[in-house]
There are 4 protein chains.
Amino acid sequence: MSPRSRELSKQMKAESRKAVVSAALELFAKKGFSATTADEIAKKAKVSKGLIFTHFATKQDILLAIVDEQLERLFPIAFGNDDARSPRDKFLALINAWLNVMKDDPLLIRLTLQLNLDDAWRKLVKRKGKRYIEIYLGGLRDLIAQLGSKNPDLDCYLIAIFFDGIAANYTVAPELFPIDAVKDHFVEMLLSRWKKSPKR
Amino acid sequence: MSPRSRELSKQMKAESRKAVVSAALELFAKKGFSATTADEIAKKAKVSKGLIFTHFATKQDILLAIVDEQLERLFPIAFGNDDARSPRDKFLALINAWLNVMKDDPLLIRLTLQLNLDDAWRKLVKRKGKRYIEIYLGGLRDLIAQLGSKNPDLDCYLIAIFFDGIAANYTVAPELFPIDAVKDHFVEMLLSRWKKSPKR
Amino acid sequence: MSPRSRELSKQMKAESRKAVVSAALELFAKKGFSATTADEIAKKAKVSKGLIFTHFATKQDILLAIVDEQLERLFPIAFGNDDARSPRDKFLALINAWLNVMKDDPLLIRLTLQLNLDDAWRKLVKRKGKRYIEIYLGGLRDLIAQLGSKNPDLDCYLIAIFFDGIAANYTVAPELFPIDAVKDHFVEMLLSRWKKSPKR
Amino acid sequence: MSPRSRELSKQMKAESRKAVVSAALELFAKKGFSATTADEIAKKAKVSKGLIFTHFATKQDILLAIVDEQLERLFPIAFGNDDARSPRDKFLALINAWLNVMKDDPLLIRLTLQLNLDDAWRKLVKRKGKRYIEIYLGGLRDLIAQLGSKNPDLDCYLIAIFFDGIAANYTVAPELFPIDAVKDHFVEMLLSRWKKSPKR
DNA sequence: AATGAATGAGTCTTCATTCAT
DNA sequence: TATGAATGAAGACTCATTCAT
């Protein structure tokens, strides 16, 4: 008789929004943005098609929201490092943080890769990530130098490439890719190389 | 009517087909398959929209043809190595061949990456490449082992990842990525690591 | 529960209904029926969208109600003339009554004009107004004849047209149209014409 | 075998465009812009729905085109007067020109009336007509003064209103409205009034 | 009586594909 | 072989209406 409580109403809306975002993320990541229809998103999210557009004005806005919210959520996790450790531990923590992000949200990483391959979307993603990446790469460069790298710039490139390469393989078939073994192998290779001439 | 004109006619057809394929490749690589319209392809190829469909029954067939023809063309170049050399030279030749392919056809590599991120297309590309990749990886594994790798399997993964990571960065902005420096750095790192205990 | 609260409840309902009708009238008149959404009506009426449909089963019913109630309300005012005066005064009273209706409810008149231009709605409006208009025009015709018109039928048309023409201009921009001056001018013209040969 | 001649192709396109414009004009005039669907337009124009949008990017653009092209076409006819005559003949010519426009294109006039009643469209129509109307009303005012009007401004209003009032009645049911008789009656009334004190 | 989230039929618009020439 | 007008199925988006509370 009385209308739904303000609280309940808000909660319902938040839940349906989340369902839409989640369904869209999966479909965008697996089929691409353009190939994904609003109908499919609605079906997977188990809401009506119309409801999507009470949350987002356009299909594009769903992707925009994903990039805004989800990426924003991920960067701190991926790049946020605590300072109270040795350079080596810091380095390992960084690598592992990134890898955990990939393991926790492979779809999001896969989508990011996709957007990066798309002229129309690349800029947006770059802009979003730039702030974090600059800080990250700056810190990483110093760390690498401390660990004994002779050429921290190129090593940074190598690490960045490593992550993209892992992402391109792991996120499309997580169960088939030995992500941890490969990571350990790569890290060991780097560390053993640097160790030989550590910055005193 | 005369053999000459028939010849000419054939040639014109081949040329317009090539123009379509080339335009489609660029657009597919930069915007994605679904986001590319037949109109855009026709415009870029400077042919009429109708002509596209005399060459290819559907838009999908254009992509299929690209994958068939272009990829088919690339694999031998990328993986074809002449045998008359030392393992080290062979290894370098392999790496360089792949890199040259990327430098010569960044759009094609970019498209391949994209297709790999797409559930509906991944299988196709995998199938196409499988034969070559198996041979390639087999050969590479042996080569690496000969060069002193302690763990040729993981090193293979590393190299594969390296190429994907390079591709993800280089093909979207070739002018910004120091592809050769990074490659040299990576190769040097691998070789120096293996050198220490070469398989005699 | 108590009679008091039931009373209050009824009153509240009547008020919200009125708000809806009033908001709908303005929007229908300014944007047209089809271009007006239930959301807009709710917003302007400061009620929830759902409430609209407790008062009216369909959006159409709102317009129907406006026509029924409002037009019904207006006709007696516009056409109701008291008899205790000279033909000239009666004539002036009629004209002024109509004009006052227009000045009091320009939106309603504007809406009526609009409905008249719409094949699907014209009939309805015509039917509603017919009874009054027939009486009115009959009375007007006699009045005009008494005042000396040589051709009361055509003069009736002229007067009818005059009102529509005024309406088309005044109701869309009341502040810009010198409605009284124009009315006085028109009335004076008619009366001076008839005066020359008044039916004794 | 060879493509349609450039000529034929152009002609086809022009014809289908005309069919769309014509169908849209009728439907917009009779049902209103918002209540008219693209499907209806296509059906009445006997073209496919898709074809509409090769001519016009949006439904709105059809209306815009009608206003641009058709109104533009009408104004010179309605307001274009040849100078080589007496003021009285000029005046009659003006009135008749307007009336002929209404008789030739009642749907267009009806649509114009409708747009005038719509807040969102009124400005556009006003702007389109302003240039002509200013010239027209300026000329008319002088003409009226020459013909002996004591108050040319108010007489201009009267004439403008007369046209709008006629339009509101004639264009929705041309067969029912004695347009010529009413016009003659009105013109005679004005002229006889002015005659009594012509500007010498 | 009142709310606003949810629905889905309906509308506008796009675009791969066809077809007459 | 080549053209581009034409088609219509499919997709994005709107909005009157319903419904749980």
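Just so you know, these numbers come straight off a predicted model, no measurement behind them. To find a chain, count down the sequence lines: A is the first, B the second, and so on, and within it residues start at 1.
- Note: CD1 (D/Ile62) to P (E/dT11) measures 15 Å, nearest angstrom.
- Both C/Ser48 and D/Phe56 sit near DNA chain E, but only C/Ser48 has its closest nucleotide nearer the 5' end.
- Atom NE2 of D/His55 and atom P of F/dA6 are 5 Å apart (whole Å).
- The shortest distance between side-chain heavy atoms of D/Trp121 and D/Leu63 falls below 4.5 Å.
- For the pair C/Glu15/C/Gln11, a side-chain contact is recorded, criterion being any heavy-atom separation below 4.5 Å from C-beta on.
- Between F/dT1 and B/Ser16, no contact under 4.0 Å exists linking OP1 or OP2 to a side-chain N or O.
- Residue A/Val67 comes nearest to A/Lys128 through the heavy atom pair CG1-CG, 3.7 Å, listed as atom of the first residue, atom of the second, then distance.
- Note that CG of D/Leu107 and CG of D/Asp105 are 8.0 Å apart. Values are rounded to the nearest 0.5 Å.
- A salt bridge is defined here as a Lys NZ or Arg NE, NH1 or NH2 lying under 4.0 Å from an Asp or Glu carboxylate O, and A/Arg17 with A/Glu69 meets this definition.
- Atoms CZ (D/Arg17) and C1' (F/dG4) sit 17 Å apart, rounded to a whole Å.
- Rounded to a whole Å, the CZ atom of A/Arg4 is 8 Å from the C1' atom of E/dA6.
- For D/Lys43 and E/dG10, the NZ to P distance is 14 Å, given to the nearest whole Å.
- No contact: D/Ser5 has no heavy atom under 4.0 Å from any strand.
- Taking 4.0 Å as the cut-off between side-chain N and carboxylate O, D/Arg110 and D/Glu26 do not count as a salt-bridged pair.
- The shortest side-chain heavy-atom distance between B/Lys44 and B/Leu27 falls under the 4.5 Å cut-off.
- The distance from atom CD of D/Gln11 to atom P of E/dT21 is 12 Å, rounded to the nearest whole Å.
- Contact of the A/Leu64 side chain with the A/Asp68 side chain is not registered, since no non-hydrogen atoms from C-beta on lie closer than 4.5 Å.
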For every nucleotide of nucleotides 9-14 of chain F, 5' to 3': is a protein heavy atom under 4.0 Å from its base (B), only from its sugar-phosphate (S), or from neither (-)?
-BSSBB
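- Looking at heavy atoms from C-beta onward, D/Arg122 lies out of side-chain contact with D/Leu117 at the 4.5 angstrom threshold.
- Rounded to an integer number of Å, the gap from D/Leu8 CG to F/dA5 C1' is 10 Å.
- Rounded to an integer number of Å, the gap from D/Ile52 CD1 to E/dC12 P is 9 Å.
- Considering only the side chain of C/Leu51, E/dA2 comes nearest among F/dA2, E/dA2, F/dG8.
- For DNA chain E, if you chain together Watson-Crick or G-U pairs that step i with j, i+1 with j-1 and so on, the runs of at least three with distances under 3.5 Å are E:2-21 with F:2-21.
- Taking for each of D/Val47 and B/Thr54 the nucleotide of DNA chain F with the nearest heavy atom, the 5'-most of the two is the partner of B/Thr54.
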